[in-house]
Each structure stands twice: as structure tokens, then as C-alpha cells.
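Heads up: the structure comes next, in C-alpha cells.
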Amino acid sequence: MDSKYKTGSLINGSSPQKNGPSQDDGHLPKKFRSDDSPHSKGYSNSSINKHRRSLPVFAVKNRLLDEINNSPTIIIIGETGSGKTTQIPQYIHEARLEKAGAIAITQPRRVAAITVALRVATEMGCAVGHTVGYAVRFEDVTRGDTKLKYLTDGMLLREALSDNLLMMYNVIILDEAHERTIHTDVLFGIVKQAQSIRRAKNFKPLKVILMSATMDVDHFSAYFDDAPIVYLQGRQYPVDIMRTTKSHEDYNFAILVTVFQIHREAPPNEDILVFLTGQEEIEAMVFNARLVAKDLMKSAPHLRVLPLYAALAQFQQLEVLRPGLPNTRKLILSTNIAETSITIPGVKYVIDSGMVKLRTHNPMTGMDSLKVQRISKAQAWQRAGRAGREGPGTCYRMYTEEEYNKMAEMTVPEIQRCNLSGVVLQLLAMGVNALSFDFMDKPPTESIMEAMRKLSHLNAILSVNHPELTPLGRQMATFPLDPHYSRVILAAWEMGCVEEVVTLVAVLSGENLRVTVSKRREDAAAAHQKFVSSTGDHITNLNIFRAYNSAAMKKQFCFDNFLNNRNLEYAGGVRSQLLDLCRHSNIPISSCGQDSDCIRKCLIAGLFGNLAQLQREGHYLTVGSNQVVAIHPSSVLFRSKPPLVIYGEVVQTGRCYMRQVSSIDPDWVAQMAPTEFQRKLCLNGAG
Ligand code: ADP
Ligand code: MG
């Protein structure tokens with residue numbers, strides 16, 4: 001391979017620039033050594049108490065409670081790991097500030113909501129689901145008397161649908177506020193409104209707390225009527241920043257080289273955290289790192305390679321938080337999930353690819369795509385900071401100083417770059433028009449209008465000028481899904497294939513069912529062949545799920561067929577929840593048996609905006625927006641060229657690739673899509 005990737009020149013090692021990720025208030029005495037940290041000792045009561053007392057927030061507990069007591073809204077800033085998420089809700093509960101109500105703590109990610117709730121339940125010595133619980137999409141582990149409820153921001157927003165004053169809570173903590181997910185951004189407005197209405201009507205007051213490791217505090221404070229800001233002194237040791245001197249086309253290779261350079265030289269208890277972009281990239285690197293580690297078995301310590309991403313099963317995510325084994329190094333390969341929401345003990349080295357996978361939306365073309373792109377400077381510092389939690393550390397950046405300088409200061413809030421149809425629908429279901437909603441940062445009017453147009457095409461609203469929900473729209477809002485998929489399910493009701501379509505939507509809401517990274521690629525392809533439907537990925541996935549569902553020994557079945565047991569299990573869970581929701585809405589669970597055509601017809605009812613037509617020249621153009629797209633290599637239709645296809649999403653990695661692709665009969669479009677789209681199809685036809 002290219003010699004510029006060799007260890008010596010990879011890193012600007014001669015004069016590392018010592019930019020601590022934040023003010024260097026570090027060099028604090030190391031408060032606990034590895035032998036008395038809770039991670040190394042199981043969870044005895046005394047070690048947990050000791051740990052809790054050692055956290056930076058403990059020192060300011062009383063002052064913090066005073067502040068919380070004194071202002072209706074406060075903003076709390078503190079380094080990751082200082083104890084915000086796990087401790088502050090407990091302090092509030094110990095002081096009974098929530099009174100007869102509950103405390104909601106939102107997290108942008110389901111993983112974080114679950115792991116934190118489990119941790120807090122352990123600290124409080126209770127079972128999760130009692131005093132401490134969590135609620136994430138398709139999983140509610142709470143009771144009526146749950147006091148500390150960790151939930152995703154999306155879940156709290158759903159709760160606001162049925163009660164926009166959120167009366168069951170007396171305290172709402174919007175955590176990781178800096179992430180500015182679409183749901184958190186809408187919640188800012190919802191809680192602000194709930195707080196002022198409750199005040200005006202003399203209802204019980206609502207306390208709002210915003211927490212984050214880094215954020216644009218003045219902007220937040222101004223929006224929340226000059227709310228006071230509390231800074232927690234964090235525990236941050238200096239971190240050496242090393243940058244590459246040349247930019248890398250293949251950062252994956254450069255990262256592996258760096259990992260094994262560290263692995264050969266550093267003491268085995270110093271763990272490595274690598275930031276990558278997504279599940280597939282991570283699994284590929286897990287595979288390669290394990291291969292190399294095996295080769296090195298005799299000359300280096302043992303290396304435990306652990307993936308970390310949102311779709312991972314809970315027990316595997318918890319694996320990352322477990323104490324290290326003697327003479328073993330942990331190598332954690334993570335998405336940006338480890339940036340702020342999860343604190344991983346033992347990390348001394350961070351390797352930052354500089355990239356992140358983000359969902360972006362182009363209102364001009366109407367297309368949503370998952371795009372790998374450069375992180376912001378704020379993210380780069382946040383990532384580097386992970387290396388300095390327990391002592392001085394090092395961060396290797398796989399990008400040059402010049403590339404760093406070109407990064408944006410902050411990540412653009414999701415609400416300003418994403419498809420808004422779901423949010424606009426939810427706001428309408430709460431009786432709010434998005435155009436007049438008090439956003440902290442208003443999304444572009446064009447995005448709101450585009451969302452309105454989409455909802456009108458879906459028959460969810462009367463018209464763009466009369467954005468009033470139709471009965472169909474009201475029903476769509478009850479599903480915790482993108483409105484396009486809710487529409488697909490409601491179409492299945494008419495077509496008599498609810499069971500099949502719900503299964504399909506459940507599968508689509510998770511990750512890949514097939515295992516693609518394996519030493520036995522060809523065997524895997526052969527095993528997958530028996531599920532393949534010539535109509536495309538949707539029915540293929542349905543076949544996989546059906547076979548899995550009827551297998552007696554599910555794990556073995558997955559192993560034999562190179563299928564992902566965990567993703568199938570997840571899909572199974574989502575499926576039963578969706579079926580429950582259907583029953584709840586009096587939608588009968590019909591089935592179409594072997595007739596797969598009606599399933600694909602239903603897809604058109606919701607995804608008519610995602611049609612692509614084969615051109616004479618041999619490429620595909622999206623109907624309506626005329627973008628050149630290609631079928632993703634992982635699709636079962638990769639080598640065939642049906643004249644008209646429907647796709648689930650577009651991923652942009654160099655080219656624009658369609659994923660989840662099925663062929664469609666042009667005649668069905670007339671039956672299922674709004675007239676406007678039928679016209680576009682005729683105009684663009686390749687014949
Ligand atoms: P913050 O929200 O300020 O980033 P947290 O409250 O999440 O901090 O975490 C505080 C500390 O609690 C962490 O530094 C870690 O030591 C410990 N901790 C948090 N979650 C877990 C967990 N799931 N298992 C073990 N320890 C944990
Ligand atoms: Mg936190």
C-alpha cells in the first residue's frame with residue numbers, strides 16, 4: 001500500500017499541538033484509581049455511593065438545587081461524564097422537587113435513554129420500570145408511579161400530542177440540547193409554550209432544565225427568557241492533538257494502522273475509541289481489526305474489538321461499559337453516539353475519522369439522503385475530549401489542519417436541513433401551524449411549505465392553504481412513523497394486506513437483516529438466494545422475516561442463513577407494537593396471502609415521491625426531481641434493470657444510490673399515486 005500511510009508520517013508526531021479540548025482546569029488529582037472505580041467491582045452499594053460522590057456535580061449539589069428551585073428554567077453546562085444525566089434527576093427526586101408529578105429526562109438516542117435508566121436504577125437500588133423507567137419508540141418500561149422517566153425526545157413529543165401541557169410532569173429536562181435533533185428543537189417550543197400556558201392558567205408550574213456538554217448558551221438563554229446558566233466544573237485532563245500531514249482518501253486504512261501502532265506500544269489497560277460513520281463501516285472494521293489482532297496474538301496484548309452504534313442490541317452496548325479485563329485492551333468502534341451521550345470508561349486514545357453520517361434533505365429536489373460528511377469543529381473538540389476523562393490522553397485526527405479549518409463551527413440544527421413532513425403533521429395534530437410556531441431557529445419557510453405539499457399529496461391535510469388535518473391525517477399522526485409509512489399502512493387497510501405491510505414497515509424501521517461482512521461471502525450469498533424475490537428488496541425482506549418467524553430455533557436459523565438475529569428480533573418487536581396500534585385504531589389485521597402485488601401497490605400510496613424510471617441511456621432518473629440515481633449494490637435488483645422502481649431512501653456515497661428497491665408496474669401508479677405524480681411519470685417516460 002501507499003507508503004504515505006506508514007506509521008511515521010501518518011501523525012504529526014514531532015510537535016503535537018497541545019490544544020486541550022476545553023479550558024485546562026485539569027491536572028485535578030485523580031479522584032479514583034481503576035481499582036476503586038465502580039466499573040471494576042460489580043455494583044456494591046458502597047462502591048456506587050463512593051462513585052456518586054466522586055462526580056463533579058456532587059460538589060455543587062446544594063447550589064444546583066437552589067438554582068433549580070429559584071428559576072422556572074435553567075441551563076446547565078458541564079463536561080461529558082460530570083454526572084448531569086445520571087445524578088441531577090436523582091438530586092431533584094431526593095429533594096422531591098417534582099412533588100406529585102414526574103421528572104422527564106429526554107435523550108436524543110434510544111440507546112442513551114435505556115442505558116442511563118438502567119444505570120440510575122442500579123444506583124438507586126431499584127428495578128428498572130419502577131421508580132426509574134424509560135420509554136423509547138416501541139418500548140415503554142415505566143409504571144404510573146415512575147418518577148424518573150428517561151425517554152427519547154421523539155417519545156416526549158408523542159406524549160405532547162395527547163396533552164400539549166405535559167401535565168404529568170412537573171420537571172422536564174431536555175438533555176443533550178446541543179444536539180439539536182428535530183424533536184428536541186420542536187420540544188423547546190412545546191415546553192416553553194406549556195410552561196407559559198400553565199403559568200397563565202394557574203396550573204401547577206413546569207420546571208424546565210436544559211443540559212449539555214457544549215452549546216451556544218447565549219442563544220438558548222435568550223430564547224428561554226434569559227434563563228440563568230450554571231457551569232459545572234468538569235473533569236478534563238489535557239489531550240494531545242495529532243493531525244495527519246496529508247489528507248487520506250481511505251481513512252479506514254489509516255485508522256487501522258494507527259490502532260495497531262498504539263496497540264503495540266501502549267500499556268494494555270489504555271483503551272482506544274474510534275469515531276466512524278455507521279453500522280456497515282463499523283462492522284467491516286471490527287472484522288478487519290479482529291483479523292489483524294489474531295495475527296498479532298503472540299506479540300501484543302489481547303485486543304477486544306467492540307462495535308457501538310444505535311441499532312446494536314442492548315447487551316452488546318452494555319458490553320462497552322463493562323470493566324476491562326486484565327492484560328486486555330478495548331478497541332471501541334463507534335458512531336457519534338459516543339461523542340456526548342454515553343461515557344465510556346478507560347479511554348485514553350481517540351481516533352477521529354472527522355466524518356459523520358447525517359440525514360439531509362434537499363427541499364428543491366424533495367429528496368432525503370443519508371450523507372457522509374465532515375463533522376463540525378464543535379464535534380471535533382467533543383470527540384477529542386473523550387480521551388481526557390480519566391487522565392491525560394491523545395486524539396489522532398485523520399484530517400489535516402487545513403481540513404479542520406474548513407469545518408463549520410457548529411453542526412446545522414437538524415430542523416434546518418431535514419424533511420419536515422413528520423414534524424409539521426405532529427404540530428398540526430396539536431393544533432399548531434408550523435409557520436407560526438415559536439422555533440428557536442426557524443426552519444426555512446420553503447421546507448415547511450414543501451412538507452405541507454407532501455402532506456396534502458398524502459391526503460393528510462385539506463390543502464396547503466387550508467392546513468387542517470383530514471380524518472386520514474389524524475389517523476396518520478397516531479403512528480410513530482414517518483407519515484409516508486403511516487400512509488402505506490393505511491393503504492394496506494384498504495387493500496387487505498395489513499399483516500404483510502406492517503411486517504415490512506417494521507423491518508424497514510430497523511437495520512439490515514442480512515449479514516454482509518463475513519469470511520464466507522459466497523456461502524452467505526448462496527444462503528440469501530433462497531429468500532430472493534425477483535420483485536425486489538421489499539418482498540425479499542418479507543420472505544426473510546417470515547422464514548425467521550416460523551423457525552423453531554431462531555438463533556441457529558440466523559447463523560445458518562447469515563442473517564442478523566438481533567435486527568430480526570428488533571423487527572419482530574416493532575411489528576407486534578404496530579399490530580397493537582392497528583388494533584387500537586380498529587384496523588383489522590388482514591392478509592393477502594401469496595399475492596405480493598398489492599403490497600407493492602401500497603408502497604406507492606406513501607412513497608410515490610420515491611419513484612425512479614429507467615432511461616434509454618441505461619441509468620435511472622427520479623420521477624419529479626430528475627436526479628440521476630443507481631440501484632445500490634446491496635439490493636437484490638442490483639444486476640437487473642426494471643423500467644420503474646420504488647425506493648426507500650437514497651444514500652450518497654460518491655453516487656446517489658437507491659436502497660430498498662422494488663420494481664413497480666406503471667399501471668399501478670395511476671391507481672395509487674396522486675394525479676400530479678402520474679403526470680410526471682408520463683412526461684419522463686423512457687418508453
Ligand atoms: P454526563 O451526563 O455529565 O455526561 P453521566 O451522568 O452520564 O454524565 O455519567 C456520570 C458518570 O457515571 C460517568 O462518568 C460514568 O463513570 C458513570 N456512568 C454513567 N453511565 C454508566 C453506566 N451505564 N455504567 C457504568 N457507569 C456509568
Ligand atoms: Mg449526559
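Whatever order the structure lists them in is the order used to number ligands and atoms, beginning at 1. Side chains are part of it too, since the values below use all heavy atoms of this structure and drop only hydrogens, waters and symmetry mates.
The distance criterion of under 3.5 Å between nitrogen or oxygen atoms is met by T85 with respect to ligand 1. Below 3.5 Å of separation, one finds no N or O of Q87 facing any N or O of ligand 1. For ligand 1, none of its N or O atoms has an N or O atom of T340 under 3.5 Å away.
Annotation for ligand 1: atoms under 4.0 Å from non-hydrogen atoms of K84 are 1 (P), 2 (O), 3 (O), 4 (O), 6 (O), 8 (O). For ligand 1, the atoms lying closer than 4.0 Å to a non-hydrogen atom of L321 are 22 (C), 23 (N). In the vicinity of H51, heavy-atom distances shorter than 4.0 Å reach the ligand 1 atoms 11 (C), 12 (O), 16 (O), 17 (C).
The shortest separation from a heavy atom of G78 to ligand 1 is not under 4.0 Å, leaving the residue out of contact. In this structure, G83 has a heavy atom closer than 4.0 Å to ligand 1. Heavy-atom distances between E79 and ligand 1 reach below 4.0 Å in at least one pair.
Atom NZ of K377 sits in a crowded spot, with more than 12 heavy atoms from other residues, nucleotides or ligands closer than 6.0 Å. More than 12 heavy atoms of other residues, nucleotides or ligands shown are found within 6.0 angstrom of CZ on R143.
Between F188 and F220, a ring centre-to-centre spacing shorter than 6.0 Å is recorded.
Heavy atoms only, all atoms of each residue included: H130 and T146 are closest at O-OG1, 2.7 Å. Looking at every heavy atom in both residues, P443 comes nearest to I415 through CB-O, 3.3 Å.
Here L55 has side-chain heavy atoms under 4.0 Å from ligand 1, and that is the only part of it that gets that close.
Once rounded to the nearest 0.5 Å, the distance linking CE of M430 with CD of Q193 reads 8.5 Å.
Each protein N/O/S atom under 2.8 Å from the Mg ion (ligand 2) was counted, for a total of 1.
For R52, the salt bridge (Lys or Arg N to Asp or Glu O under 4.0 Å) criterion is met by E94, E123, not counting sequence neighbours. Residues satisfying the salt bridge (Lys or Arg N to Asp or Glu O under 4.0 Å) criterion with R158, sequence neighbours excluded, are absent altogether. By the ring pair (Phe, Tyr, Trp, His ring centres under 6.0 Å) test, F437 pairs with F439, sequence neighbours left out.
With Y134 as the aromatic partner, K149 does not meet the cation-pi criteria of under 6.0 angstrom to the ring centre and within 45 degrees of the ring axis.
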Assess the residue pair I172 and L206 against the criterion (side chain to side chain contact (heavy atoms under 4.5 Å, CB included)); give the C-alpha distance rounded to whole Å, side-chain angles, the decisive distance to 0.1 Å, and a yes or no.
CA-CA 7 Å; I172 292 180; L206 174 63; 3.8 Å; yes

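Nearest-residue assignment for atom 27 (C) of ligand 1 (options R119, R52, E176, E123; heavy-atom criterion): R119.
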